[in-house]
Visitor: 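Below you will find the structure I want to go over with you.
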Amino acid sequence: MQVGKSRKLLAIALVACSPLLQGGARPGVDFNQRLLAAQNAARSAIGVTPLVWDDGLAADARVWARELAATGRFEHSSDEPGKPIEGENLWAGTPHAFSPEKMVGLWTAEKKDYRPGVFPNNSRSGDVENVGHYTQVIWRNTHAVGCATADGRYEQFLVCRYSEAGNVYGERPA
């Protein structure tokens with residue numbers, strides 16, 4: 001009897017965790033909190049204060065994510081005149097095949113090429129593009145983030161917007 005009950009509990013637990021086990025996740029509040037937690041884990045690892053979620057940044061990210069999905073382009077947005085500059089990280093991949101942690105993990109994996117110092121001299125390879133996503137995530141003067149996803153014909157796009165923007169020439173990331 002006890003074995004049967006244990007199996008039922010295990011089955012329920014596996015069903016509840018199946019999106020996590022498969023790696024995919026649908027956008028939503030939990031999805032957003034997981035994006036935030038993944039970025040804050042990278043910040044915590046180096047002693048930088050955590051980011052807070054900002055719905056206004058998320059709304060801005062949603063506009064650009066939808067534009068990328070509609071056009072199939074993969075490029076950073078232009079700064080809007082008269083509006084504060086926001087930092088931006090982009091990701092694209094197979095729709096709903098990646099968890100929020102895997103998406104952010106591609107940015108934070110750039111830590112392997114990161115070296116402390118004044119931006120843009122933070123890449124062991126000498127190419128700031130090898131660390132630019134990571135430095136934005138850990139940028140010490142950045143305090144808020146908002147992200148959004150949109151599905152294109154072949155790809156899912158993730159856009160995260162940051163305030164204050166990071167990757168400022170002549171400043172230290174962390």
Side-chain angles (χ1 to χ4, degrees), residues 23 27 31-54 56-69 71-81 83-95 97-150 152 154-174:
F31 185 88
N32 295 341
Q33 291 306 307
R34 289 169 62 193
L35 286 169
L36 178 63
Q39 293 181 75
N40 280 335
R43 293 172 69 87
S44 176
I46 61 165
V48 178
T49 59
L51 298 170
V52 297
W53 188 264
D54 184 290
L57 291 170
D60 291 347
R62 188 173 306 105
V63 169
W64 191 243
R66 287 177 177 165
E67 174 70 17
L68 295 176
T71 63
R73 294 188 328 251
F74 188 72
E75 60 190 37
H76 285 283
S77 62
S78 300
D79 295 329
E80 294 181 41
K83 188 173 181 184
I85 296 173
E86 298 171 347
E88 183 177 76
N89 274 347
L90 305 178
W91 175 94
T94 303
F98 295 87
S99 68
E101 295 81 6
K102 293 270 187 194
M103 293 170 170
V104 172
L106 291 174
W107 300 334
T108 59
E110 294 175 358
K111 181 179 183 177
K112 69 184 178 314
D113 194 39
Y114 173 78
R115 69 173 182 201
V118 175
F119 189 84
N121 300 314
N122 300 109
S123 173
R124 295 182 199 287
S125 68
D127 187 352
V128 73
E129 290 186 17
N130 293 338
V131 297
H133 300 99
Y134 176 70
T135 53
Q136 175 57 82
V137 168
I138 64 158
W139 201 264
R140 67 181 159 166
N141 292 334
T142 298
H143 301 288
V145 65
C147 306
T149 61
Y154 302 109
E155 293 180 300
Q156 180 180 28
F157 295 89
L158 167 66
V159 176
C160 286
R161 292 283 181 89
Y162 302 85
S163 182
E164 138 180 353
N167 295 345
V168 178
Y169 280 76
E171 292 186 13
R172 291 183 178 274

Visitor: Enter the distance from Glu171:CD to Thr135:OG1 here, rounded to the nearest 0.5 Å.
Guide: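 Interatomic distance, Glu171 CD to Thr135 OG1, rounded to 0.5 Å: 12.0 Å.
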Visitor: Surrounding CZ of Arg140 (heavy atoms of other residues, nucleotides or ligands, distance under 6.0 Å), is the total greater than 12?
Guide: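 Enclosed.
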Visitor: One pair to check against side chain to side chain contact (heavy atoms under 4.5 Å, CB included): Thr49 and Arg43. What are the steps and the verdict?
Guide: CA-CA 7 Å; Thr49 59; Arg43 293 172 69 87; 4.0 Å; yes
Visitor: Verify whether one side chain among Ser125 and Asn130 offers a donor that lies under 3.5 Å from an acceptor in the other.
Guide: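 Short answer, yes.
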Visitor: If we only count heavy atoms from C-beta on, is the Cys147 to Gln39 side-chain gap below 4.5 Å?
Guide: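 Yes; the side chains approach each other to less than 4.5 Å.
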Visitor: Does a donor on one side chain and an acceptor on the other come within less than 3.5 Å for Asn89 and Tyr162?
Guide: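 Asn89 vs Tyr162: donor-acceptor pair found between side chains.
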Visitor: When you compare the side chain of Tyr134 with that of Lys111, does any pair of heavy atoms fall below 4.5 Å?
Guide: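 Yes, at least one pair of side-chain atoms sits under 4.5 Å.
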Visitor: Which residues pass the salt bridge (Lys or Arg N to Asp or Glu O under 4.0 Å) test with Glu80, not counting sequence neighbours?
Guide: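 Checked Glu80 against salt bridge (Lys or Arg N to Asp or Glu O under 4.0 Å); zero matches.
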Visitor: For Asn121, is there any backbone N or O sitting under 3.5 Å from a side-chain donor or acceptor partner on Arg115?
Guide: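 Flag set: sc Arg115 to bb Asn121 pair under 3.5 Å.
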Visitor: Tell me the closest heavy-atom pair linking Tyr114 and Ala174, and the distance in Å.
Guide: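 Reported closest heavy-atom pair: OH-N, 4.4 Å.
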Visitor: Is any side-chain heavy atom of Arg161 closer than 4.5 Å to a side-chain heavy atom of Trp64?
Guide: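 SC-SC contact between Arg161 and Trp64 confirmed.
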Visitor: Using 30° and 60° as the class limits, which term best fits the ring planes of Trp107 and His133: parallel, tilted or perpendicular?
Guide: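 Parallel.
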Visitor: Roughly how far apart are Asn122 CG and Arg172 CZ, rounded to 0.5 Å?
Guide: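 CZ of Arg172 is found 8.5 Å from CG of Asn122.
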Visitor: Side chains of Asp54 and Ser163, heavy atoms from C-beta outward: is any pair under 4.5 Å?
Guide: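 When only atoms from C-beta onward are counted, Ser163 and Asp54 do not touch, as no gap falls below 4.5 Å.
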Visitor: Show the nearest heavy-atom pair for residues Ala58 and Ala148, with the distance to one decimal.
Guide: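 Taking every non-hydrogen atom into account, O-CB, 3.9 Å.
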Visitor: Say whether, by atom type as modelled, one donor and one acceptor occur between the side chain of Asn40 and the main chain of Leu51 under 3.5 angstrom.
Guide: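 Between the backbone of Leu51 and the side chain of Asn40 there is a qualifying donor-acceptor contact (under 3.5 Å).
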Visitor: Taking side chain as C-beta onward, heavy atoms only, is Trp91 less than 4.5 Å from Gln156?
Guide: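 Yes; the side chains approach each other to less than 4.5 Å.
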Visitor: Taking the side chain as everything from C-beta on, heavy atoms only, tell me whether Glu67 gets closer than 4.5 Å to Arg73.
Guide: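 Yes - at least one pair of side-chain heavy atoms lies under 4.5 Å apart.
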Visitor: Around atom CD of Glu129, are there more than 12 heavy atoms from other residues, nucleotides or ligands closer than 6.0 Å?
Guide: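 For Glu129, atom CD is not crowded (no more than 12 foreign heavy atoms under 6.0 Å).
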Visitor: Quick one: does Asn167's side chain get under 4.5 Å of Trp139's, heavy atoms only?
Guide: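 They are in contact (side-chain heavy atoms under 4.5 Å apart), so the answer is yes.
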Visitor: So Glu110 and Val137, do their side chains get closer than 4.5 Å, heavy atoms only?
Guide: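 A side-chain contact is absent here, since even the closest heavy-atom pair is not under 4.5 Å.
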Visitor: Looking only at heavy atoms, what is the nearest atom pair of Thr142 and Ala165, with distance?
Guide: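 Closest heavy-atom pair between Thr142 and Ala165: OG1-C, 4.1 Å.
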Visitor: Which of these, Leu35, Leu106, Leu90, sits in a side-chain contact (heavy atoms from CB on, under 4.5 Å) with Leu158?
Guide: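 Of the listed residues Leu35, Leu106, Leu90, the side-chain contact (heavy atoms from CB on, under 4.5 Å) partner of Leu158 is Leu35.
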Visitor: Where do Cys160 and Val145 come nearest, in terms of heavy atoms and distance?
Guide: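 The answer is CB-CG2, 4.1 Å.
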Visitor: What distance do Thr149 atom OG1 and Glu155 atom CD have between them, rounded to the nearest 0.5 Å?
Guide: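 Here the interatomic distance stands at 13.5 Å.
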Visitor: Please give me the minimum heavy-atom distance between Phe74 and Ala92, naming the atom from each residue.
Guide: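 Scanning both residues, the minimum pair turns out to be CE1-CB, 3.6 Å.
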Visitor: Over all heavy atoms of both residues, which pair between Asp113 and Ser123 is shortest? Give the atoms and the distance, please.
Guide: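 In this case the closest contact between Asp113 and Ser123 is OD2-OG, 2.6 Å.
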Visitor: Ignoring hydrogens and geometry, is there a side-chain-to-backbone donor-acceptor pair from Gln136 to Gly166 under 3.5 Å?
Guide: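 Present.
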Visitor: Should the heavy atoms of other residues, nucleotides or ligands under 6.0 Å from CD1 of Ile46 be counted, would the total exceed 12?
Guide: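 Yes, CD1 of Ile46 has more than 12 neighbouring heavy atoms, counting only those of other groups under 6.0 Å.
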